[in-house]
Amino acid sequence: MPELPEIETIRLRLRNGDHESPSIVGRKILSARLFWNRTLAYPTPDEFQNQIQGEIIQDVLRRGKFFVFPLSTKYLLIHLRMSGDLIVEDDSYKVHKHHRLIFSLSDGIRFAFNNPRKFGRVWLLDDPKPILGELGPEPLDPDFTKEDFYGRLHPRRRQLKPLLMDQHFLAGLGNIYTDESLFRARLHPVSLASTLTRLESENLFEAIRDVLRQGILRNGASIDWVYRGGDFQNYFFVYRRTGEPCYRCGTPIKRIIVGQRSTHFCPNCQRLSRD
DNA sequence: ACGAGCGCCTGTCGGC
DNA sequence: TGCCGACAGGCGCTCG
C-alpha cells in the first residue's frame with residue numbers, strides 16, 4: 001500500500017495512537033519474533049533478536065517511503081514495498097497469517113509488520129545514513145523549492161514518469177501519485193524532463209505537492225484487498241480510470257505501460273512534447 | 001545515462 | 001466449480 005501519503009498516515013497513527021490502538025512511542029521492545037527470514041535486510045536474525053531487546057522506541061519518523069524508528073541506541077528502518085501494514089494490537093491475539101515480524105512491547109501490546117507479498121524489508125542499524133542518504137529530496141520539505149526542482153529536473157534526458165518514481169530523484173512518489181501529479185500538471189508521462197519549460201516544471205512541482213497533501217488529508221488511498229481506511233481513491237482523476245471520461249474534457253482515459261508500470265493519462269489534456 | 005526485462009511473493013478478478 | 005492469465009501502491013539486478 002505504500003506511497004508517501006499512506007506511509008505518513010500509518011506513521012501518525014503509530015506515533016500518536018488512535019481510538020483503537022495506543023502510541024508505541026516510549027515503549028520498550030521486550031522481544032522480536034521473525035516469521036520470514038528474508039524480511040531482515042540487516043543484520044542476521046540472531047544479531048537482530050539480541051540487539052533489539054530492551055530498546056525503547058523514541059519516535060516514529062518518515063523519510064520517503066521508509067519508516068524510521070529511532071531507538072535508545074540504534075535505528076530501526078522499515079519499508080513496506082508493495083503490500084503490508086504496521087499494526088498495534090493486543091499480544092494475545094492469534095497471529096495473522098501475513099505477520100512477518102512481531103515486536104512484543106510492554107503492557108501486553110505488540111507491534112506487527114504485516115506483509116502479504118513478502119517484499120518488505122527491515123533494517124536495524126547504528127547509522128541510517130547509508131540507506132536514507134541515497135534518497136532524493138522530500139517533496140513536502142519547506143526548504144525544497146521550485147527552483148531546486150527545476151535544477152534537478154532540467155538536466156535529465158529521461159521520461160517524466162520513471163524519473164518521478166525514481167527515489168534517488170525525489171523521495172515518496174509511486175505509481176498512483178505520479179500519474180495523478182502528471183494529470184494535474186497536464187504533462188504526458190513519457191515527455192522528456194529536459195524539454196519542460198520553467199513554467200511547466202513549476203506546475204509539476206505544485207501538482208506533486210498538492211496531490212501528496214490531499215492524499216495525506218484523506219488518510220491515503222485504499223484499494224484492492226489491502227484496505228487501510230483512507231479514501232483518496234475516491235478522488236483519483238486518472239489512476240485505474242481506463243476508458244472512463246476525463247473529468248476535464250471527457251476524453252476516455254488511456255492506459256499504457258511506461259517503465260514496466262501501468263500508466264494512466266488523458267490523451268487530450270496531456271500532450272506529448274518530446275523535443 | 002537510460003530503458004527493457006526479470007525476479008521476488010501472495011492474492012484478487014474476469015473469462016472460459 | 002476449477003483453471004489460467006492478467007494484474008497489483010516497489011525496487012534491485014542484469015544487460016544492451
Side-chain angles (χ1 to χ4, degrees), chain A residues 1-11 35-42 62-67 77-86 96-101 113-123 130-132 134-136 152-182 189-195 208 211-212 214-216 218-243 255-264 274-275:
Chain A
M1 41 159 320
E3 296 182 42
L4 190 153
E6 288 77 31
I7 304 303
E8 182 67 9
T9 299
I10 297 170
R11 180 184 83 86
F35 299 90
W36 177 254
N37 275 354
R38 285 204 283 164
T39 299
L40 280 185
Y42 189 88
R62 180 189 59 73
R63 178 76 173 90
K65 302 176 193 172
F66 284 84
F67 292 95
L77 305 188
I78 300 182
H79 197 303
L80 265 33
R81 294 274 177 93
M82 283 291 268
S83 62
D85 199 359
L86 296 177
H96 188 277
K97 89 193 258 204
H98 293 142
H99 281 4
R100 309 302 180 195
L101 179 61
F113 178 28
N114 185 273
N115 194 230
R117 292 180 70 182
K118 299 179 176 172
F119 292 164
R121 291 295 179 263
V122 173
W123 296 255
I131 306 284
L132 303 181
E134 299 292 314
L135 295 171
R152 292 177 71 80
L153 187 84
H154 191 251
R156 306 299 294 272
R157 284 192 62 81
R158 203 173 165 190
Q159 296 175 336
L160 287 175
K161 165 111 181 190
L163 181 62
L164 293 177
M165 288 186 64
D166 184 339
Q167 302 301 299
H168 304 283
F169 176 76
L170 191 65
L173 287 182
N175 211 28
I176 294 177
Y177 292 89
T178 300
D179 282 3
E180 294 295 323
S181 298
L182 289 169
V190 305
S191 288
L192 293 189
S194 55
T195 66
I208 290 167
V211 170
L212 292 176
Q214 282 183 47
I216 292 169
R218 305 235 169 247
N219 299 311
S222 309
I223 49 183
D224 290 346
W225 43 283
V226 193
Y227 181 74
R228 275 256 22 89
D231 68 346
F232 190 60
Q233 71 279 6
N234 298 326
Y235 301 87
F236 291 166
F237 286 166
V238 290
Y239 187 76
R240 290 211 193 173
R241 291 196 63 247
T242 310
R255 174 182 178 273
I256 58 174
I257 302 296
V258 181
Q260 332 290 108
R261 306 299 298 275
S262 272
T263 300
H264 313 75
R274 236 173 211 295
D275 275 294

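Lettering follows sequence order; numbering is per chain, from 1.
By the 4.5 Å heavy-atom criterion applied to side chains, A/Leu173 and A/Leu212 are counted as neighbours.
Here the separation of C/dC7 from B/dG5, taken at their P atoms, is 14 Å to the nearest Å. When the P atom is used for both C/dC3 and B/dC8, the distance is 24 Å, rounded to whole Å.
Side-chain N/O atoms of A/Tyr239 include one lying less than 4.0 angstrom from OP1 or OP2 on C/dG9. In this model, the phosphate group of C/dC7 is approached by a side-chain N or O of A/Arg255 to a distance below 4.0 Å at OP1 or OP2. Within the structure, every side-chain polar atom (N or O) of A/Gln260 is placed at least 4.0 Å from both OP1 and OP2 of B/dG3. Distances shown here put a side-chain N or O of A/Arg261 below 4.0 Å from the OP1 or OP2 atom of C/dG10. Look at A/Lys118 and you'll find a side-chain N or O under 4.0 angstrom from OP1 or OP2 of B/dT10. Taking 4.0 angstrom as the limit, A/His79 places a side-chain polar atom (N or O) nearer than this to OP1 or OP2 of C/dC11. Taking 4.0 angstrom as the limit, A/His168 places none of its side-chain polar atoms (N or O) nearer than this to OP1 or OP2 of C/dC11. Put simply, A/Arg156 has a side-chain N or O that comes within less than 4.0 Å of OP1 or OP2 on B/dC2. Between A/Lys97 and B/dG11, a side-chain N or O to OP1/OP2 separation shorter than 4.0 Å is present. Contact annotation: A/Ser262 side-chain N/O to C/dA8 OP1/OP2 distance is under 4.0 Å. Phosphate contact (OP1/OP2 of C/dG9, side-chain N/O of A/Lys65, threshold under 4.0 Å): absent.
Residue side chain A/Arg117 reaches the base of C/dA8 through a donor-acceptor N/O pair under 3.5 Å, judged by distance alone.
The separation between A/Lys161 atom NZ and B/dC2 atom C1' is 17 Å, rounded to whole Å. Across the protein-nucleic acid pair, A/Asp85 atom CG and B/dT10 atom P stand 19 Å apart, rounded to whole Å. Between the CG atom of A/Leu153 and the P atom of B/dA1 there is a distance of 16 Å, given to the nearest Å. Per the geometry, CZ belonging to A/Arg158 stands 12 Å off C1' belonging to B/dA4, to the nearest Å. Taking atom CG on A/Leu160 and atom P on B/dC2, their separation rounds to 12 Å, with Å as the unit. If you take CG of A/Leu163 and P of B/dG3, they are 8 Å apart, rounded to a whole angstrom. Distance A/Arg121 CZ to B/dC8 C1': 8 Å, rounded to the nearest Å. If you measure from atom CD of A/Gln167 to atom C1' of C/dG12, you get 13 Å, rounded to the nearest angstrom.
Stacking of A/Phe119 onto the six-membered ring of B/dC8 is present: less than 5.5 angstrom between centres, less than 30° between planes.
With sequence neighbours left out, A/Ser262 forms a side-chain hydrogen bond (donor to acceptor under 3.5 Å, both in side chains) with A/Arg255. With sequence neighbours excluded, the residues forming a ring pair (Phe, Tyr, Trp, His ring centres under 6.0 Å) with A/Phe236 are A/Phe232, A/Tyr239, listed by chain and number.
Shown are A/Glu6, A/Glu3, A/Glu8; of these, the salt bridge (Lys or Arg N to Asp or Glu O under 4.0 Å) with A/Arg62 is made only by A/Glu8.
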Discussion item. Show, in sequence, the C-alpha distance, side-chain angles and deciding distance for A/Thr39 and A/Asn115, and conclude whether the side-chain contact (heavy atoms from CB on, under 4.5 Å) test is met.
Written reply: CA-CA 9 Å; A/Thr39 299; A/Asn115 194 230; 5.7 Å; no
Fill in: Steps toward side-chain contact (heavy atoms from CB on, under 4.5 Å) verdict (A/Phe66, A/Leu132)
CA-CA 8 Å; A/Phe66 284 84; A/Leu132 303 181; 3.9 Å; yes
Discussion item. Can you give me the dot-bracket string for DNA chain C, 5' to 3', counting Watson-Crick and G-U wobble pairs with both distances under 3.5 Å, using [ ] for crossing pairs and | for partners on another strand?
Written reply: .|||||||.|||||||
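A cation-pi arrangement, defined by a distance under 6.0 Å to the six-membered ring centre and an angle within 45 degrees of its axis, is present between A/Arg152 and A/Phe169.
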